[in-house]
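One structure is given below, encoded as C-alpha cells.
Since we're looking at a predicted model, the values are computed, not measured. Lettering follows sequence order; numbering is per chain, from 1. Side chains are part of it too, since the values below use all heavy atoms of this structure and drop only hydrogens, waters and symmetry mates.
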Amino acid sequence: MKYWLMKSEPDAFSIDDLAARPGKREHWDGVRNYQARNFMREMKKGDTVLFYHSSCAKPGVVGVAKIVREAYPDSTALDPESDYYDPKSDPDNPRWFMVDIQFQKKYKQPVSLAAMKANPLLDGMRLLKRGNRLSVMPVEAEEFQIIRAMAAE
DNA sequence: GCCAACGTTGGC
DNA sequence: GCCAACGTTGGC
C-alpha cells in the first residue's frame, strides 16, 4: 500500500468535481510527462492519493482519494479532438496511461503549501523540492501521516 | 503577469 | 549526442 500525490488545477477539476462524479470516480487522463507516467504505472489498486490543488489562490492538499483501477492506455492520446491528443502515440504501443481514482474524503482543513513548507517534519518532501513540477509523485508513509495530522483528521 | 525551473524539440 | 531555443508548470 503506497501513497501518492496528484495535482489538479481546481478551475479545471477540483476535489468537489471528483466527489460529484458518478461513483465519485474519475479517469486521471492527460498526463504527458514520462516520470509522472512511470509513477502512475507503479500505482496499485487501493493505494492512497493526496489530492492537491495547484495554480490557485491557496495551493495545497485538499483531500484524499484512492486508486480503483490500475494503469491502462490513455485514450485521449489517440483522439484528435482531445486537448491531450498526441500525434506520435501509437495504438499498438501505447505511450500514455491513466488510472482511475475514487473520492475518499475532503479535508475539513486543507493543508496549504505554505503550511507544509513551514513544517520541519516535512523537510525533504518531494513536493517541496525546488523547481518540482511533477503532477504525480510518491509520498512517504510518514509524510502522509504528518499531513493527515495537519488536516486535523 | 512575472519569472524560475525544468522537459522537450530539433538543428547540427 | 550536444545544446540552444522554446514551451510549460506553478508559485507568487
Take atom [atom1] of [X] and atom [atom2] of [N], then tell me their distance rounded to the nearest Å.
| X | N | atom1 | atom2 | value |
| --- | --- | --- | --- | --- |
| A/R133 | C/dC12 | CZ | P | 16 Å |
| A/N33 | C/dG7 | CG | P | 18 Å |
| A/R37 | B/dG7 | CZ | C1' | 14 Å |
| A/M137 | B/dG7 | CE | C1' | 15 Å |

> Does A/H53 use its side chain to pair, donor to acceptor, with the backbone of A/I15 at less than 3.5 Å?
Replying inline: yes
>> Before we go on, tell me: are the rings of A/W96 and A/Y72 under 6.0 Å apart, centre to centre?
In response: no
> Between A/W28 and A/Y84, does the ring centroid distance fall short of 6.0 Å?
Replying inline: no
>> Starting the side chain at C-beta, find the nucleotide from B/dT9, C/dC12, C/dG10 nearest to A/L113.
In response: C/dC12
>> Counting only side-chain heavy atoms from C-beta out, which of B/dG7, C/dG10, B/dT9 sits nearest to A/Q35?
In response: B/dG7
> Does the pair A/D74/A/R37 count as a salt bridge with the N-to-O cut at 4.0 Å?
Replying inline: no
> Does C/dC12 have OP1 or OP2 sitting under 4.0 Å from an N or O in the side chain of A/K117?
Replying inline: yes
> Under 4.0 Å: is that the gap between some side-chain N or O of A/R130 and OP1 or OP2 of B/dA4?
Replying inline: no
> When all nucleic acid strands are considered with a 4.0 Å heavy-atom cut-off, which category describes A/K88: base, sugar-phosphate, or nothing?
Replying inline: sugar-phosphate
